[in-house]
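What follows is one structure encoded as structure tokens, with my remarks underneath.
Residues: numbered from 1 along the sequence shown. Being a predicted model, the structure only gives us computed values, none of them experimental.
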Amino acid sequence: MAASSKTPSKGKKPKKKGNAAKVILGVIIAALLALICAMSIYLVVYLNGLKILNANIDKLDDALGASVIYDADKQEIAKVIKENRENVKFDQFPKQLVDAFVATEDRRFYEHAGVDFWSLGRAVVKDVIARSAVEGGSTITQQLAKNVFLNSDKTFFRKGTEMSIALAIDNQFTKDQILEKYLNRIYFGSQAYGVKAAAKRYFGVTELKDLQLWQIATLAGLPKAPSKYSPISDPEASKDRRGVVLRLMADQGLITEEERAQAAAVDYDPKTQIPVAQSNLFPSFRDYVIKEAYDLYGVTDEQITNGGYKIYTTLNSTAQKAMDKAYTNAKLFQPDGPEQPMQSSMVIIDNASGGIVAMTGGRDYKSGTWNRAYKPRQPGSSFKPLVVYAPAIEKKGYLPTSMLDDTKQEFGKYAPRNYDGQYLGQVDMTYAIKKSKNIPAVWTLSKIGINTGKDFAKQLGITFDENDNNLAMALGGMTKGESPLQMAQAYAAFANNGVYNQGHAILKIEKSDGTIIDYKADPKKVMSEKTSWYMTQMMKEVVTSGGTGVRADFGRPLAGKTGSTQLDLKGLESHYRDIWFVGYTPQWTGAVWAGFDKTDSKHYIRKNYSDRANMVFSAVMSEAMKGIPVKDFERPSGGKQIEQEKPPVQEKKSVTDLRAGWQNSGVRLSWTASEGTSAYQVFRKGPGETDFSQLTPSNSTEYMDQTVQPGGTYEYYVVPANGDAAGVQSNVASVNVPGTEPTPTPPNPDDNNGENGNGNNNGNGNGNGTNNGNNNGNGNGHNNGNGNGNPGKDKDKDKDKDKDKDKEKNPGNTGGGTGNGGSTGGTASPTPTPTPSEPAGSGTTGSRDGDLQPNNG
């Protein structure tokens with residue numbers, strides 16, 4: 001029994017050894033089969049790539065053909081071809097230049113065989129996680145291969161073909177030859193093909209050996225997105241990208257930390273660029289089309305340049321020619337400064353579709369340069385409808401007839417001011433928009449809430465910085481601002497019954513293989529038809545007589561808004577940094593910005609040129625819309641006439657006979673009581689002061705100001721307090737304080753000394769037409785000039801050094817009016833009408849807005 005029990009155990013051991021051997025043999029065979037399969041696959045892939053390469057070997061140096069851009073009528077407007085290219089041999093490339101490109105684009109370039117499988121594996125994992133082909137993982141060799149097999153689709157099939165060509169290229173050429181072809185072929189933006197052409201285009205450097213480290217890093221950062229990182233079109237983005245390249249080089253031990261820091265700190269000087277000769281129509285629009293192709297569809301500059309594409313756009317050639325013509329007319333702009341001209345940009349958008357009708361990036365725009373049409377600037381008062389008034393109507397139930405507070409006040413630490421230092425107590429929304437008054441806009445935003453205004457504006461394509469979170473936004477006070485393109489597409493929603501369309505230039509792209517990329521419209525309802533109708537009705541008033549945008553009118557139904565930002569240089573605060581007009585007809589919306597690229601004490605907008613954005617708009621639109629039928633704004637369902645929904649209005653009290661005189665050691669003010677008023681706000685402006693300031697309120701109809709200084713003239717007005725709301729501002733009374741000037745004799749209230757006042761009115765001109773009062777004429781008896789003025793012509797001859805002699809016939813006030821007041825200070829009308837001039841208020845983020853128009857008489 002014992003012997004038999006041992007026999008099975010001895011028999012099992014050889015069986016275990018046999019099983020293990022079989023497993024090992026199976027693994028070896030499987031590995032061999034896998035290796036054979038892998039080699040077979042590699043061979044098939046390589047032979048496929050070699051076949052494609054041999055069939056297209058000439059395309060490594062030559063393009064497939066020029067791409068063509070067409071306008072809305074399918075007429076050719078531009079060809080995109082390689083016009084600026086210079087080939088160099090590999091030994092002409094500085095070592096640091098080669099190091100920069102390898103470190104940035106393909107750090108394992110010298111180790112792989114055309115495809116970096118480590119990077120590819122990482123990319124595949126990310127693609128699987130994202131469930132789409134999103135990660136690149138392309139080597140320099142693959143990027144070169146992509147130029148042969150042009151296809152922007154991120155598919156695994158395209159990637160596999162690209163890899164097969166890259167493997168063939170790596171087998172057929174040396175690493176130095178591959179780099180030579182790569183650096184001579186790739187597109188660097190601004191019509192520069194190859195690194196030598198790019199060095200000359202951006203830096204004026206003709207020999208690559210003369211390039212500095214910061215220039216090399218700038219060039220190495222361009223292939224990723226040439227339009228985005230061009231130092232000409234966007235110096236800030238280019239500098240950031242350069243910093244990334246320098247950090248990669250430092251991390252790989254190619255440069256020292258000190259070298260990195262020095263190269264990263266250099267600012268690009270655009271004066272070093274060498275322009276490329278223009279050979280295409282409409283360069284601003286052409287450049288934007290190339291940018292949009294990449295931004296919206298991922299079609300690169302290189303693919304457009306080499307691919308033989310057909311790009312169909314929204315451009316109206318007639319409108320574009322009208323715009324280009326106007327921008328060559330020097331009379332529409334302020335004379336050039338000592339170092340730079342007044343600049344401007346404009347965009348016109350089709351209201352119904354969002355298609356860009358015409359665009360210019362600046363005066364004498366050159367392809368590949370700074371396209372101001374999509375660069376942000378402070379929008380000033382043109383921002384009020386977007387962030388204040390439209391959201392107030394849409395979200396909070398305000399109406400065009402809603403009364404808004406127009407008393408001088410502070411909002412926490414923010415103290416905006418009206419342009420003329422005058423405050424009417426209460427005004428309706430329509431009047432506030434027409435006159436571009438600042439206090440009502442800030443007050444309204446404070447009532448509806450900053451977030452309400454921002455959320456509404458975001459639906460219109462407006463972007464905000466994280467620091468844009470204060471009431472200065474009501475006046476366009478922003479960290480970065482908005483571009484003419486953003487403003488045009490936002491305003492177009494008012495004309496389109498509250499439907500917003502993204503501005504776009506491309507309708508479709510037809511590739512060389514017949515593949516079509518179509519624009520997918522995505523209209524969004526962002527406000528009710530009632531709100532859009534009310535906004536249109538109010539902004540129509542802006543371009544009528546007495547409105548701030550009257551110079552923009554060109555004889556068609558038009559609505560719009562002016563904007564300006566105050567110059568914040570000491571002693572020049574009455575002048576401007578930016579001026580705007582954004583307006584729309586029932587068919588098209590146009591946005592115009594004007595200013596200087598770099599604002600300083602020698603380059604700013606003088607106040608007598610503050611209407612130039614209005615004039616440019618009128619000149620362009622009048623020509624651009626010839627042949628387009630005149631159409632009026634159509635009232636939609638729900639858009640009632642404004643007068644049908646007037647809210648109850650509290651009666652506004654007024655003082656019409658404020659008198660001022662020197663008595664003993666102070667200025668004595670007196671006036672007739674306003675019915676139902678028990679308190680009055682008193683305002684004063686002293687010698688050298690540009691704004692009125694509030695004094696201690698008075699509970700009677702008299703006030704004694706003993707805080708004046710000897711010598712000089714002081715001006716006063718009072719505003720009745722009427723419950724919770726203020727009344728209407730009184731007439732302005734002035735008095736000369738004894739000292740350096742003679743003491744005036746207080747006039748008798750019963751004397752009619754004000755009848756034939758000399759009328760130093762606010763217009764400072766003779767004016768045309770009839771003065772209805774409120775010209776603040778400082779004539780005999782301090783009469784406010786409430787009477788009929790003498791007709792006349794405002795020749796508007798500037799006294800500046802530029803000797804501008806534009807002659808304008810404008811309606812306006814006349815100083816030689818016949819006064820009716822008869823008493824010191826004269827008589828003001830119940831509803832004082834401010835002059836058309838609008839200097840800026842104040843803003844906490846550097847934009848203090850107002851809309852100054854030139855002297856209207």
Side-chain heavy-atom pair Pro223, Phe101 within 4.5 angstrom cut-off: yes
Side-chain (Arg363) to main-chain (Phe333) donor-acceptor, under 3.5 angstrom: no
CG-CD distance between Asp91 and Glu180, expressed to the nearest 0.5 angstrom: 8.0 Å
Pairs of donor and acceptor atoms involving the side chains of residues 203-212, under 3.5 Å and at least two apart or interchain, shall be tabulated with distances.
from: Gln212; atom 1: OE1; to: Trp214; atom 2: NE1; distance (Å): 3.4

Note, Tyr202 side chain near Gln273 side chain (heavy atom, < 4.5 Å): no
Leu296 side chain near Ile506 side chain, heavy-atom distance below 4.5 Å: no
Stepwise side-chain hydrogen bond (donor to acceptor under 3.5 Å, both in side chains) test for Gln143 and Tyr182: CA-CA 8 Å; Gln143 292 180 50; Tyr182 173 76; 3.2 Å; yes
Heavy-atom donor-acceptor pair, Tyr374 side chain to Tyr288 backbone, under 3.5 Å: no
Phe282 vs Leu315 side-chain heavy atoms within contact, under 4.5 Å: yes
Candidates Asn184, Val88, Leu183 - the one meeting side chain to side chain contact (heavy atoms under 4.5 Å, CB included) with Lys196: Val88
Under 3.5 Å donor-acceptor, Thr314 side chain and Val357 backbone: no
Main-chain N/O of Lys598 paired to Gln340 side chain as donor or acceptor, under 3.5 Å: yes
Other residues, nucleotides, ligands: >12 heavy atoms within 6.0 Å of Glu236 CD: no
Heavy-atom pair of closest approach, residues Ala492 and Thr589: CA-OG1, 3.4 Å
Ala225 backbone acceptor or donor facing Thr300 side chain under 3.5 Å: no
Under 3.5 Å donor-acceptor, Ser284 side chain and Thr360 backbone: no
Closest non-hydrogen atom pair between Gly476 and Phe383, with its separation: CA-CB, 3.9 Å
Spacing of Leu460 atom CG and Ile462 atom CD1 [to the nearest 0.5 Å]: 6.5 Å
Taking every non-hydrogen atom, the tightest pair across Ala474 and Val387: CA-CG1, 4.2 Å
Polar side-chain atom of Arg577 near backbone of Gln566 as donor-acceptor pair, under 3.5 Å: no
Donor-acceptor contact below 3.5 Å, side chain Gln320 vs main chain Met359: yes
Flag if over 12 foreign heavy atoms under 6.0 Å of CD, Glu257: yes
Met346 vs Tyr327 side-chain heavy atoms within contact, under 4.5 Å: yes
His575 and Tyr604 aromatic ring geometry - parallel, tilted or perpendicular at 30°/60° bounds: tilted
Side chain proximity check, Arg201 to Ile232, heavy atoms < 4.5 angstrom: yes
Distance-minimising heavy-atom pair for Gly453 and Leu445: CA-CD1, 4.4 Å
4.5 Å side-chain heavy-atom contact, Thr565 and Arg377: no
Donor on one side chain, acceptor on other, Thr139 and Asp116, under 3.5 Å: no
Under-4.0 Å salt bridge between Lys454 and Asp468: no
Ion pair check, Asp234 and Lys375, cut-off under 4.0 Å: yes
Criterion side chain to side chain contact (heavy atoms under 4.5 Å, CB included) on Leu144 and Ile186, from CA distance to verdict: CA-CA 8 Å; Leu144 187 59; Ile186 58 174; over 6 Å; no
Atom pair CD/CD of Gln489 and Gln502 - distance to nearest 0.5 Å: 5.0 Å
Ion pair Lys175/Asp170, N-O distance below 4.0 Å: yes
Heavy-atom closest contact (Gly461 atom, Tyr500 atom, distance): CA-OH, 3.5 Å
Sidechain-backbone polar pair: Glu111 side chain, Arg108 backbone, donor-acceptor under 3.5 Å: no
Approximate separation, where rounding is to 0.5 Å, of Ile290 CD1 and Asp295 CG: 12.0 Å
Note: Lys520-Asp518 ion pair, threshold 4.0 Å (strictly below): no
Crowding at CZ, Phe90 (>12 non-hydrogen neighbours, <6.0 Å): yes
Exercise: identify the closest heavy-atom pair between Ala166 and Gln142: CB-CG, 3.6 Å
Sidechain N-carboxylate O distance under 4.0 Å for Lys239, Asp267: yes
Between CH2 on residue Trp593 and CZ on residue Arg372, distance to nearest 0.5 Å: 6.5 Å
Set of residues satisfying side chain to side chain contact (heavy atoms under 4.5 Å, CB included) with respect to Asp251, sequence neighbours excluded: Arg247
Trp580 side chain vs Gln378 backbone, donor-acceptor pair below 3.5 Å: yes
Neighbour count >12 (heavy atoms, 6.0 Å) for atom NZ, Lys524: no
